[in-house]
Colleague: 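This is the structure, below, for whatever I ask next.
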2 protein chains.
Amino acid sequence: MDIKIVDVAKIANVSQATVSRVLNNNPIVKPKTRDAVLKVIEDLKYVPHAAAKNLRQQKTMTIGVIVSDIKVSYNADIVKGIQNKAYSQKYKVVICDTQNDMEIEREYLRLLTDRSVDCLILVASLLPEKEVLNVAERGYMVGLVGRSIDHENVFSVHTDNVKAAKEAVEHLIAQGHRDIVFLSGYANAKDSYDRLEGYIKALGAHGIPFRPELVENGNFNETGGYAAMKRLKGKGAVFTAIFSANDEMALGVYEYCNEAGISIPSELAIIGVDNDRVSKYLTPSLSTINQPKNDMGSLIADKLIRSMNGVFDLPRVSIVESQLIVRQSSEFNRA
Amino acid sequence: MDIKIVDVAKIANVSQATVSRVLNNNPIVKPKTRDAVLKVIEDLKYVPHAAAKNLRQQKTMTIGVIVSDIKVSYNADIVKGIQNKAYSQKYKVVICDTQNDMEIEREYLRLLTDRSVDCLILVASLLPEKEVLNVAERGYMVGLVGRSIDHENVFSVHTDNVKAAKEAVEHLIAQGHRDIVFLSGYANAKDSYDRLEGYIKALGAHGIPFRPELVENGNFNETGGYAAMKRLKGKGAVFTAIFSANDEMALGVYEYCNEAGISIPSELAIIGVDNDRVSKYLTPSLSTINQPKNDMGSLIADKLIRSMNGVFDLPRVSIVESQLIVRQSSEFNRA
DNA sequence: TTGTAAGCGTTATCAC
DNA sequence: GTGATAACGCTTACAA
């Protein structure tokens with residue numbers, strides 16, 4: 001510790017400049033001096049001081065990631081994708097977990113915009129568009145996963161939620177279902193809203209009238225799914241299938257059915273979204289919609305890195321393909 | 001962007017020093033000037049430059065966390081505990097996911113020891129003791145979760161794996177089992193080894209001879225558990241229960257049993273370790289040993305932060321209590 | 001109570 | 001090819 005470039009320079013009998021050149025692989029330095037310097041660096045276990053370097057170069061080679069909940073496997077996969085790409089390009093990653101609290105998200109955003117990161121990625125962000133734009137306006141490149149905002153400094157990647165939802169609901173319809181519940185997430189979540197749209201489109205395409213009483217909110221979490229189920233039954237709703245806007249809520253439905261003695265899929269079919277890690281381990285295994293999470297993470301990181309390095313013709317928005325995974329929970333043909 | 005302390009100073013008609021004092025809540029500055037400066041800071045949306053501050057103060061208020069796999073819910077919970085404590089103390093957290101690759105772990109360790117973090121936490125580290133000591137020797141405070149090393153700069157937190165394993169195996173014995181398999185993790189993992197010791201102790205305490213042929217390695221992962229099961233059956237081993245050194249391997253056992261038509265728990269009882277998120281959703285639900293993961297994370301972060309702030313009488317090693325969770329997979333009394 | 005100026009450890013621009 | 005030195009933006013003695 002505490003050994004710096006000047007120490008190396010002295011011992012190696014060269015100037016600081018030369019040591020710096022060696023450190024940065026500047027080909028101009030003579031192989032012989034280079035080796036000598038490297039030897040001293042090795043001996044002294046010298047490591048350049050990050051802050052000094054950052055200050056001088058006005059960059060940190062760090063990407064800040066703000067994520068709603070790293071425990072949700074969907075988010076974890078995206079973060080992994082980001083990390084893989086980042087590390088392969090010599091970038092570090094700072095992760096902030098907001099625990100689904102918008103106030104905390106706001107605080108982290110403030111914390112990270114002190115130039116301690118070169119750019120930002122928001123995964124499943126809850127922040128109002130205005131605040132995100134604010135950051136972009138201040139000069140930060142921002143990456144968005146799962147939503148999109150139009151600004152020259154903002155990139156985004158998401159799937160076509162309308163299309164995916166439509167496909168899922170049509171799968172249920174193909175199994176003979178006509179009374180299908182839609183379990184929605186947060187009211188202000190764009191993806192939940194899009195999935196609702198897909199649901200409605202699927203019904204329409206098959207001449208099934210949309211019945212608002214079959215839409216319930218489950219807040220994207222397990223207890224919310226359970227409660228929604230309870231409300232549905234409480235008001236005497238009749239239905240044979242559920243399209244849940246994510247897998248978490250489906251867990252609550254499973255629990256309810258377990259307690260109420262409702263058999264899945266013979267009495268109630270269900271399909272979720274996200275392909276959460278647990279879904280394939282459930283009994284019956286849960287049908288779901290998979291998104292290429294890793295690719296999405298690595299794609300957004302790649303765009304940001306490229307754009308920071310002067311590439312300017314990148315598309316602002318990327319829409320990737322999701323994929324329906326049919327498992328046991330929706331495999332029961334009523335026809 | 002690009003607005004700095006001198007700009008604020010000029011507009012507020014004070015010196016840089018005064019602005020700095022305001023920023024750092026130095027009570028010596030007169031309330032009136034303070035307010036004036038704050039106003040300008042607000043107007044200009046000035047944010048101090050992290051690297052400059054870090055360089056000057058020789059610290060970054062950042063904790064580096066190196067974790068074997070953030071997707072494993074055990075690790076994610078620990079990281080959450082670290083983050084909560086860290087953020088409450090104004091520290092940031094950098095997370096590096098090594099994907100269980102020792103080479104990558106080594107690389108991240110190198111990457112983080114450029115003073116871009118103030119201290120380091122290794123979660124489920126695979127690195128040889130020597131390399132960890134190396135870092136501690138260079139002056140870094142190191143926190144270890146799940147293992148421990150003796151050095152004045154190293155703190156650690158883990159559970160008493162021997163005791164917990166013994167308790168789990170005794171639970172199986174109490175259900176009437178005598179032919180109990182032990183599924184081990186990596187050969188060099190201290191916790192796996194300790195769990196083996198607890199297993200042996202439990203057998204001994206109940207007069208059951210230890211039979212090496214009932215110990216199989218499953219490498220701490222799902223496919224390893226499946227393969228181990230296959231090997232056991234292949235060599236004609238007879239057993240009625242399994243103690244798996246983690247829940248992941250138990251998943252592989254479930255899969256094998258499912259294919260082979262072996263009923264859990266009536267034909268084969270099983271108990272794991274970690275209380276992975278999926279374990280309670282399995283059918284039958286998996287008995288396991290829970291560790292206070294959040295607390296462990298926050299405890300280790302707390303120790304490091306305290307010790308960096310000059311507290312010196314902290315215990316180097318903390319052992320926390322784990323807890324047996326009996327679920328369906330081990331609830332079948334053979335007696 | 002406020003201002004002046006040195007210094008944190010690099011890198012980059014000049015000379016040589 | 002190499003060396004001297006200014007500059008990055010902040011904090012903190014020390015002066016005033």
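These figures come from a predicted structure and were not determined experimentally. The sequence lines fix the lettering, A, B, ..., with proteins before strands; numbering per chain opens at 1.
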Colleague: Take atom CG of B/Asn26 and atom P of D/dA13, then tell me their distance rounded to the nearest Å.
Modeller: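 Distance check: B/Asn26 CG to D/dA13 P gives 12 Å.
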
Colleague: What's the CD-P distance between A/Gln57 and D/dG9, to the nearest Å?
Modeller: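 The answer, rounded to whole Å, is 13 Å.
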
Colleague: At a heavy-atom distance below 4.0 Å, which nucleotide of DNA chain C is the first touched by chain A, and which is the last?
Modeller: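 First and last nucleotides in contact are C/dG9 to C/dT13.
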
Colleague: Which residues satisfy the side chain to side chain contact (heavy atoms under 4.5 Å, CB included) test with A/Asn84, sequence neighbours excluded?
Modeller: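 Expected list: A/Asn294, B/Gln99.
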
Colleague: May I have the distance from B/Tyr46 (atom OH) to D/dG9 (atom C1'), rounded to whole angstrom?
Modeller: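 So the OH-C1' distance, B/Tyr46 to D/dG9, works out to 7 Å.
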
Colleague: side-chain hydrogen bond (donor to acceptor under 3.5 Å, both in side chains) with A/Lys190: which residues, sequence neighbours excluded?
Modeller: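 side-chain hydrogen bond (donor to acceptor under 3.5 Å, both in side chains) check on A/Lys190 returns A/Asp194.
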
Colleague: Can you name the residues that form a salt bridge (charged side-chain N to carboxylate O under 4.0 Å, His left out) with B/Glu131, not counting sequence neighbours?
Modeller: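 If we apply the salt bridge (charged side-chain N to carboxylate O under 4.0 Å, His left out) test to B/Glu131, skipping adjacent residues, the hits are B/Arg106.
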
Colleague: What integer distance in Å separates A/Ile5:CD1 from D/dA4:P?
Modeller: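 Rounded to whole Å, this separation is 14 Å.
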
Colleague: Strictly below 4.0 Å, heavy-atom distances to any atom of DNA chain D: list the hits from residues 29-37 of chain A, or just say none.
Modeller: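 Close to the strand are A/Val29, A/Lys30, A/Thr33.
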
Colleague: Nearest whole angstrom, please: distance from the C1' of D/dC10 to the NZ of B/Lys4.
Modeller: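 Rounding to the nearest Å, NZ of B/Lys4 and C1' of D/dC10 are 11 Å apart.
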
Colleague: To the nearest Å, how far apart are B/Ile3 CD1 and D/dC8 C1'?
Modeller: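 The distance from CD1 of B/Ile3 to C1' of D/dC8 comes to 16 Å, rounded to the nearest Å.
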
Colleague: Rounding to an integer number of Å, can you tell me how far B/His49 NE2 sits from D/dG9 P?
Modeller: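 The answer, rounded to whole Å, is 6 Å.
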
Colleague: Name all residues meeting the side-chain hydrogen bond (donor to acceptor under 3.5 Å, both in side chains) criterion together with B/Ser88; count only those two or more places apart in sequence or in a different chain, and write none if there are none.
Modeller: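 side-chain hydrogen bond (donor to acceptor under 3.5 Å, both in side chains) check on B/Ser88 returns nothing, list empty.
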
Colleague: Please list, chain by chain and in numerical order, all residues satisfying salt bridge (charged side-chain N to carboxylate O under 4.0 Å, His left out) with A/Glu129, sequence neighbours excluded.
Modeller: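 With neighbours one apart ignored, the set is empty.
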
Colleague: Could you list the residues that satisfy side chain to side chain contact (heavy atoms under 4.5 Å, CB included) with A/Ala36, not counting sequence neighbours?
Modeller: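 Result, side chain to side chain contact (heavy atoms under 4.5 Å, CB included) vs A/Ala36: none returned.
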
Colleague: What residue pairs, at least two apart or across chains, pass salt bridge (charged side-chain N to carboxylate O under 4.0 Å, His left out) with a residue in residues 300-313 of chain A?
Modeller: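 For residues 300-313 of chain A: A/Lys85-A/Asp302, A/Asp302-A/Arg306.
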
Colleague: Heavy atom of residues 13-24 of chain A under 4.0 Å from DNA chain C: which residues?
Modeller: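 The answer is A/Gln16, A/Ala17, A/Ser20, A/Arg21, A/Asn24.
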
Colleague: Could you check how far CG of B/Leu55 sits from C1' of D/dC8, rounded to whole Å?
Modeller: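 For the pair B/Leu55 CG and D/dC8 C1', the rounded distance is 9 Å.
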
Colleague: Going by the rule ring-ring contact (aromatic ring centres under 6.0 Å, His included), which residues pair with B/Tyr87 if we only count those two or more places apart in sequence or in a different chain?
Modeller: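 ring-ring contact (aromatic ring centres under 6.0 Å, His included) list for B/Tyr87, sorted by chain: A/Tyr108.
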
Colleague: In a table with atom names and distances, give each donor-acceptor pair under 3.5 Å that connects a side chain of residues 48-57 of chain A to protein atoms at least two apart or in another chain.
Modeller:
residue	atom	partner	partner atom	Å
A/His49	ND1	A/Ala51	N	3.2
A/His49	NE2	B/Gln58	OE1	3.1
A/Asn54	ND2	A/Ala50	O	3.4

Colleague: Heavy-atom distance under 4.5 Å between the side chains of B/Arg138 and B/Thr113, does that happen here?
Modeller: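 Heavy-atom side-chain distance check passes, below 4.5 Å.
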
Colleague: Would you say the side chain of B/Ile78 lies within less than 4.5 Å of the side chain of B/Ile82, judging by non-hydrogen atoms?
Modeller: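 Answer yes - side chains close enough.
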
